[in-house]
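Down below is the structure, laid out as structure tokens.
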Amino acid sequence: MIAARLQQEPFDAAAEQAALTSGRTDLGAAVAFTGLVRADDGLVALTLEHYPAMTLAQLQAIAANAATRWPDTIGTIIHRHGRLLPGDAIVLVTTASPHRAHAFAAASFLMDWLKTKAPFWKREEWADGTTRWVDAKGSDDNAAERWLAKSPSTPP
Amino acid sequence: MIAARLQQEPFDAAAEQAALTSGRTDLGAAVAFTGLVRADDGLVALTLEHYPAMTLAQLQAIAANAATRWPDTIGTIIHRHGRLLPGDAIVLVTTASPHRAHAFAAASFLMDWLKTKAPFWKREEWADGTTRWVDAKGSDDNAAERWLAKSPSTPP
Amino acid sequence: MTTLLYFAWVREMIGKDSETLALPAEAATVAALLDWLATRSPGHAAALADRSRIRVAVDQQFASAETPLTAPREIAIFPPVTGG
Amino acid sequence: MTTLLYFAWVREMIGKDSETLALPAEAATVAALLDWLATRSPGHAAALADRSRIRVAVDQQFASAETPLTAPREIAIFPPVTGG
């Protein structure tokens, strides 16, 4: 089971990981990936807009897809939306598995998808007061394609 | 810079990661891998013995090796020793980088090495009161060899 | 009646985040809907000018230009997603 | 004088974690040292019986059977490491 949540508030990665692993003695590996807002080129804020009715369903679909690929792996996805500042944590993927390779692979797979396919639109604010909507990126698409090639069942 | 520590006490993964990332706005990715003691087949405790004078030097050498491979990646390795119980956290590798692929790769590389090459001897205690020293494992060696094949500079 | 939802710069250029209206009979496919919407205001026209940068979901399912519209309740129009 | 350190089941079979002694002239290599050590007690003999399962570090550097011993201060004898 890999759960997915959307929220505006900050998350507590340690608490999320503890919720996965506490009371379990069959898990040998826990991976927590935290995505952070970078202040590239003077970015002062990043706003994530999304389509609530579709976004959560899509996060849950990719979570279910990952759970099928790595059946011994449990996890939690938390994606934030709204206005975030450089250094803020924007996304958490935490996984736990009896096997470290599975925990790493599931977290990496989910992050490749989230960074490229997750249904968000990002607006950047710059130090000079201008704003810009981010265009879709090619390089991250390629990272996600690595996984798509292995299975046709990845959600859009 | 990737630091390495040895300690008997539990570690605080969240505090270690915060120490890497706080005040930085150039890091887009933070990975925390926690290794946990599994209660396979009725294991009741695992004791890690080590050679203090050599172990820390070797952890620091592999940390320096990883820092050379992923120069934009910072991190911390903490390995515990002494007697641990199922569910206990035994090792932490936390990395942070501008790029998520680097943070994942450095953490995975370090864990492959730690699980196979780190200079520890493990004694297992079983429910029936027997104890057994763990033999070196072949499959984990293969995971580490994937990396060795890429460079001759990995420390022993 | 159909609710149209606009996101990101599509929303900004059209100047509203949603509108509820009766689709005309000519809006029988997604492409035809966009053609008709573009006539409603200069903002609509500007937002929808480059169809290669427009994506559409009909009742929360991704649609293509050829997708037929049969009494949709909700149509969302937005730029390609940029990931998280 | 040289300090010998024993770890894991080598330590348990020998029955001590270290001993400090003067190496005889015949212990000129790691292999010769292990041959000589094995004569010191039944525990030493048992611990060192299968040399394929013994690893040695001389002054904290991994050594092979042929490594010459020139006034080492510390020699550690242990099983292959099993990882963390």
Side-chain angles (χ1 to χ4, degrees), chain A residues 11-18 20-44 46 84-101 103-112 114-116 139-140 142-143 146, chain B residues 11-18 20-44 46 84-101 103-112 114-116 139-140 142-143 146:
Chain A
F11 49 75
D12 179 341
E16 297 300 330
Q17 183 164 301
L20 287 182
T21 61
S22 69
R24 298 275 298 252
T25 58
D26 58 327
L27 299 169
V31 169
F33 179 95
T34 305
L36 304 163
V37 177
R38 289 194 315 212
D40 292 0
D41 306 319
L43 181 88
V44 297
L46 185 68
L84 301 166
L85 304 180
D88 281 353
I90 182 172
V91 58
L92 174 71
V93 169
T94 182
T95 58
S97 172
H99 304 290
R100 73 181 185 282
F104 269 126
S108 178
F109 165 79
L110 288 168
M111 281 309 309
D112 281 350
L114 288 166
K115 289 296 289 180
T116 56
S139 66
D140 270 331
N142 292 340
R146 287 192 290 120
Chain B
F11 49 76
D12 180 341
E16 297 299 332
Q17 183 163 300
L20 287 183
T21 60
S22 68
R24 297 275 299 253
T25 58
D26 59 326
L27 300 170
V31 169
F33 179 95
T34 305
L36 304 163
V37 177
R38 288 193 316 213
D40 293 358
D41 306 318
L43 181 88
V44 296
L46 185 67
L84 300 167
L85 304 180
D88 282 354
I90 184 172
V91 60
L92 173 71
V93 169
T94 180
T95 58
S97 171
H99 304 291
R100 73 180 185 281
F104 269 125
S108 179
F109 166 80
L110 288 168
M111 281 309 309
D112 281 351
L114 288 165
K115 289 295 290 180
T116 56
S139 66
D140 271 331
N142 293 339
R146 286 192 291 119

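In what follows, chains are A, B, ... by sequence order, proteins preceding strands, each numbered from 1.
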**Message:** With heavy-atom distances below 4.5 Å as the criterion, would you say the side chains of A:Thr34 and B:Gln17 are in contact?
**Reply:** yes
**Asked** Do the side chain of A:Asp12 and the main chain of A:Ala14 share a donor and acceptor less than 3.5 angstrom apart?
**Response** yes
**Prompt:** Relative to chain B, which segment of A:Val31 carries a heavy atom at a distance below 4.5 Å: side chain, backbone, both, or neither?
**Reply:** both
**Side chain to side chain, B:Pro98 and A:Arg38, heavy atoms closer than 4.5 Å** = yes
**Fill in**
Bottom line for B:Ala107: the part with an atom under 4.5 Å from chain A's heavy atoms is both
**Asked** Tell me, do A:Leu114 and A:Val93 make a side-chain contact under 4.5 Å, heavy atoms counted?
**Response** yes
**Message:** Can you list the residues of residues 22-29 of chain A that sit under 4.5 Å from chain B, counting heavy atoms only?
**Reply:** A:Arg24, A:Thr25, A:Asp26, A:Leu27, A:Gly28, A:Ala29
**Asked** So do A:Phe33 and A:Leu110 actually touch side chain to side chain, heavy atoms under 4.5 Å?
**Response** no
**Request:** Heavy-atom pairs under 4.5 Å with chain B are the metric here; pick the option from A:Gly87, A:Ala13, A:Gly35, A:Ala32 that has the most.
**Result:** A:Ala32
**Request:** Keeping the roles fixed (side chain from A:Asp88, backbone from A:Leu85), state whether a donor-acceptor pair exists under 3.5 Å.
**Result:** yes
**Request:** Kindly say whether A:Asp112 contributes a backbone atom to a donor-acceptor pair with the side chain of A:Thr116 at under 3.5 angstrom?
**Result:** yes
**Asked** Quick one: what part of A:Ala103 sits under 4.5 Å from any heavy atom of chain B, side chain, backbone, both or neither?
**Response** neither
**Request:** Quick one: pull up CG in B:Leu20 and OG in B:Ser97 and give me the separation to the nearest 0.5 Å.
**Result:** 11.5 Å
